[in-house]
Number of protein chains: 2
Amino acid sequence: MKLQQLKYIIEIEKHHFNISLAADALFTSQPGVSKQIKLLEDELGCLLFLRSGRKLTGLTETGFKIMCYAKKILADVSNIYTISEEYTSPEKGQLNIVTSHTQSQYSLPCVIKRFNAKYPKISINIHQGTPLQISNTIRKGEADLAIATEALHLYKDVVMLPCYHWHRSIIVPKTHTLATTKTLTLHQLSLYPIVTYQFAFTEGSPLDITFSLSGLTPNVVFTATDADVIKTYVKQGAGVGLIASMAITKKDADSFHIIDVSTLFKPSTTCICIKKGTFLRLYMYEFIVLFAPHLTRDIIEKAMHLSDEHSLDKLFSCFTLEVK
Amino acid sequence: MKLQQLKYIIEIEKHHFNISLAADALFTSQPGVSKQIKLLEDELGCLLFLRSGRKLTGLTETGFKIMCYAKKILADVSNIYTISEEYTSPEKGQLNIVTSHTQSQYSLPCVIKRFNAKYPKISINIHQGTPLQISNTIRKGEADLAIATEALHLYKDVVMLPCYHWHRSIIVPKTHTLATTKTLTLHQLSLYPIVTYQFAFTEGSPLDITFSLSGLTPNVVFTATDADVIKTYVKQGAGVGLIASMAITKKDADSFHIIDVSTLFKPSTTCICIKKGTFLRLYMYEFIVLFAPHLTRDIIEKAMHLSDEHSLDKLFSCFTLEVK
DNA sequence: AGTCGTTACGATGCCCGTAAGGATA
DNA sequence: TATCCTTACGGGCATCGTAACGACT
């Protein structure tokens with residue numbers, strides 16, 4: 001067995017079992033890839049791929065299990081390279097973050113500024129994505145850390161480190177009928193068309209639960225991944241905007257009437273998510289502690305070794321998180 | 001990086017940084033090994049081994065971290081081979097068990113008989129060892145499972161699956177002054193020389209704690225790993241024997257006076273220990289369930305994914321273990 | 001006919017083992 | 001002087017890429 005063969009089978013799976021595409025992605029010839037997977041199958045004495053005729057169509061049961069370990073192995077190989085980079089050039093490196101628009105626009109900039117001052121040679125890449133994209137990216141090891149609010153609890157191979165709580169606000173144009181209101185009930189809110197984030201009202205989400213517990217149905221007319229887009233539509237009179245309070249700038253106070261609804265909805269918690277078993281470089285720990293001061297290296301390392309939510313909750317029970 | 005290079009560095013560490021010995025163990029030439037580790041160090045751009053002159057003397061800090069991942073990688077490689085064997089020849093294979101003398105002599109034989117009837121083609125290897133040897137063997141992945149009573153709680157990379165509780169008995173020659181006694185106090189026991197298992201009274205052990213809580217000091221004159229040896233010495237009048245009740249055969253009732261001391265000492269728990277992340281073959285699950293009927297595949301898989309003792313305790317809280 | 005995978009073949013390059021050299025105790 | 005690691009060199013083998021072939025859509 002060779003590491004290269006494991007790389008090959010992973011790439012083949014990634015390209016939906018098209019060997020030619022996989023070979024291209026691996027910058028090698030297609031017959032070479034074919035031959036190597038054949039050699040691997042011969043050595044192991046079993047087929048890894050299902051075939052119809054000559055084409056590969058999927059993984060066998062054995063192939064699936066082996067693929068899981070192959071991914072683990074390559075992740076660890078990549079960890080070894082990371083360790084050596086940490087040693088050879090501690091100041092250089094990359095920091096790949098995948099997160100939502102709100103984070104990258106409103107909460108990350110000042111952290112990145114401070115981080116950049118300390119580590120000017122680290123190149124920072126920020127990828128934006130939907131919750132689903134975020135979770136996939138982090139699970140594939142394509143980003144070092146994710147900053148997300150929900151939806152990653154499900155996976156055992158990802159740790160969630162709670163960073164801070166945040167509340168929501170309603171924004172309406174200054175000319176809106178609600179423009180004089182200071183407080184709002186859930187019932188009142190349900191009477192207006194709502195413009196908010198994508199996925200904010202997916203089944204089982206905190207907002208969805210709050211509404212259904214009171215027997216009300218929100219009237220969501222438009223969703224975006226982007227608070228700025230929501231603001232634009234609200235300005236045009238598309239509906240009342242329901243966004244994170246931290247996405248409201250000083251300038252927005254001129255354009256909108258803002259109603260704090262932190263009493264209506266439970267606060268959400270923003271978390272840093274890391275794939276378990278990943279070797280983190282010193283500067284990554286530094287970045288995290290800049291983002292959330294209570295997440296010291298010690299705490300992070302402890303959290304990464306825990307398995308269930310219960311132990312995590314216990315670990316973080318002694319912290320009072322900042323509210324934004 | 002190649003898998004072979006990782007094998008080489010692991011073997012070098014295993015042989016106390018003697019490249020020549022490592023090369024012998026790997027059935028290859030010494031210069032070949034030298035060259036490969038040099039290539040690896042060049043590729044990673046950092047030294048893995050400390051050197052004094054030309055000799056290797058130890059691991060660098062980086063080397064140590066990399067070694068950890070190298071071991072993980074090779075363990076997963078070996079898991080892949082195991083998976084393919086499971087597919088190609090489900091009934092063939094090996095079952096390597098490392099355990100204490102008491103288990104292998106008194107509790108395993110009947111399980112192995114039943115197992116062998118079901119899987120005649122699996123060759124079973126039983127290694128005996130001291131608690132320390134047992135834990136090392138399982139952590140190095142040199143055995144599939146360990147059956148042990150204590151001392152493996154410490155390691156995060158090993159799961160402990162509780163199997164049954166067991167009690168202790170005192171044995172004395174029929175001519176002994178205690179030969180007419182049916183019950184015994186801790187104080188009485190402390191007045192006699194004791195012959196028992198090695199490590200039974202190491203600091204922090206259940207027996208040690210029981211004695212020190214009552215302010216008494218046991219007088220241990222002789223220890224063995226082996227209940228049979230203990231019996232021999234007790235027969236010769238060396239002292240009173242303190243052994244597991246399950247190590248007492250019908251025949252022993254003729255030679256010894258037996259006093260049950262289950263009221264004096266808390267019962268101990270025998271556990272099956274498995275290295276986390278190991279792929280277990282079907283027959284291994286079968287063996288375990290024969291040994292402890294409550295340890296079904298489902299339960300074992302759950303336990304192997306848990307990290308802390310607390311969650312494990314919770315998982316097993318619904319079972320009432322057999323007492324032997 | 002076009003896409004995709006297999007087989008065949010020649011060249012490159014890597015790895016291994018032997019042999020010789022140097023350092024250290 | 002014995003042990004142990006490094007360097008040097010030649011042979012063998014695995015891998016790679018090109019090219020031609022076969023199967024399926």
Side-chain angles (χ1 to χ4, degrees), chain A residues 1-60 62-63 66-67 70 73-74 77 80-81, chain B residues 1-60 62-63 66-67 70 73-74 77 80-81:
Chain A
M1 187 189 309
K2 280 161 202 167
L3 287 176
Q4 187 183 214
Q5 294 170 332
L6 301 181
K7 270 179 219 152
Y8 283 11
I9 60 171
I10 289 173
E11 205 64 28
I12 289 174
E13 191 200 22
K14 218 182 244 171
H15 289 85
H16 307 287
F17 309 104
N18 182 325
I19 298 187
S20 303
L21 287 182
D24 285 350
L26 290 161
F27 300 103
T28 186
S29 70
Q30 178 271 319
V33 177
S34 269
K35 188 161 195 181
Q36 287 307 315
I37 64 165
K38 197 178 180 67
L39 280 173
L40 180 60
E41 287 183 327
D42 285 350
E43 182 186 353
L44 296 177
C46 54
L47 294 177
L48 303 180
F49 294 101
L50 295 169
R51 290 161 166 88
S52 91
R54 298 191 145 185
K55 283 190 186 174
L56 308 192
T57 57
L59 286 170
T60 61
T62 315
I66 288 179
M67 191 68 80
I73 289 171
L74 289 188
V77 166
I80 287 183
Y81 285 116
Chain B
M1 187 188 310
K2 279 160 202 164
L3 287 175
Q4 188 183 212
Q5 294 169 331
L6 300 181
K7 270 179 218 153
Y8 283 10
I9 62 171
I10 289 173
E11 205 64 27
I12 289 174
E13 190 200 24
K14 219 183 244 171
H15 288 86
H16 306 288
F17 309 103
N18 182 324
I19 298 187
S20 303
L21 287 181
D24 286 350
L26 290 160
F27 301 103
T28 186
S29 70
Q30 177 270 319
V33 177
S34 269
K35 186 159 196 181
Q36 287 307 315
I37 64 166
K38 197 179 182 68
L39 280 172
L40 181 60
E41 287 183 327
D42 285 351
E43 183 185 353
L44 296 178
C46 56
L47 295 177
L48 303 179
F49 295 101
L50 294 170
R51 291 161 166 89
S52 92
R54 297 189 145 186
K55 283 187 186 174
L56 307 191
T57 57
L59 287 170
T60 61
T62 315
I66 289 179
M67 191 69 79
I73 289 172
L74 289 189
V77 167
I80 288 183
Y81 284 116

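Note on naming: letters A, B, ... go to the chains in the order of the sequence lines (proteins, then strands), and numbering restarts at 1 for each one.
- Atom pair B:Asp24:CG and C:dG17:C1' shows a separation of 13 Å (rounding to whole Å applied).
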Pick out the pairs of N or O atoms, protein on one side and nucleotides 22-25 of chain D on the other, that lie under 3.5 Å.
none

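- Atom NE2 of A:His15 and atom P of C:dG5 are 12 Å apart (whole Å).
- Across all strands, A:Phe49 comes closer than 4.0 Å to no nucleic acid atom at all (heavy-atom distances).
- Atoms CD (A:Glu41) and P (C:dT6) sit 9 Å apart, rounded to a whole Å.
- The distance between atom CG of A:Leu39 and atom C1' of C:dT6, rounded to the nearest whole Å, is 13 Å.
- In this structure, B:Ser20 reaches the D:dC5 phosphate: one of its side-chain N or O atoms is under 4.0 Å from OP1 or OP2.
- The residue among A:Ser34 and B:Lys35 whose nearest nucleotide of DNA chain C lies closer to the 5′ end is A:Ser34.
- Contact annotation: A:Gln30 does not reach the phosphate of D:dC16 (side-chain N/O to OP1 or OP2, under 4.0 Å).
- For the residue pair A:Met1 and A:Leu44, the shortest heavy atom distance occurs at CE-CD2, 4.3 Å.
- Here D:dC4 is the nucleotide among D:dC4, D:dC16, C:dT7 with the atom lying nearest to any side-chain atom of B:Asn18.
- Of all non-hydrogen atoms in A:Thr57 and A:Phe17, the two that sit nearest each other are O-CD1, 3.8 Å.
- If you measure from atom CD1 of B:Ile37 to atom P of D:dC4, you get 15 Å, rounded to the nearest angstrom.
- Between D:dT6, C:dC16, D:dC16, one nucleotide has an atom nearer to the side chain of B:Pro31 than all others, and that is D:dT6.
- Look at CG on A:Asp42: it is 12 Å from P on C:dT6, rounded to the nearest Å.
- The side chain of A:Gln4 lies closest to D:dC16, out of D:dG17, D:dT7, D:dC16.
- Taking atom CD of residue B:Glu43 and atom C1' of nucleotide C:dC14, one finds them 14 Å apart after rounding to whole Å.
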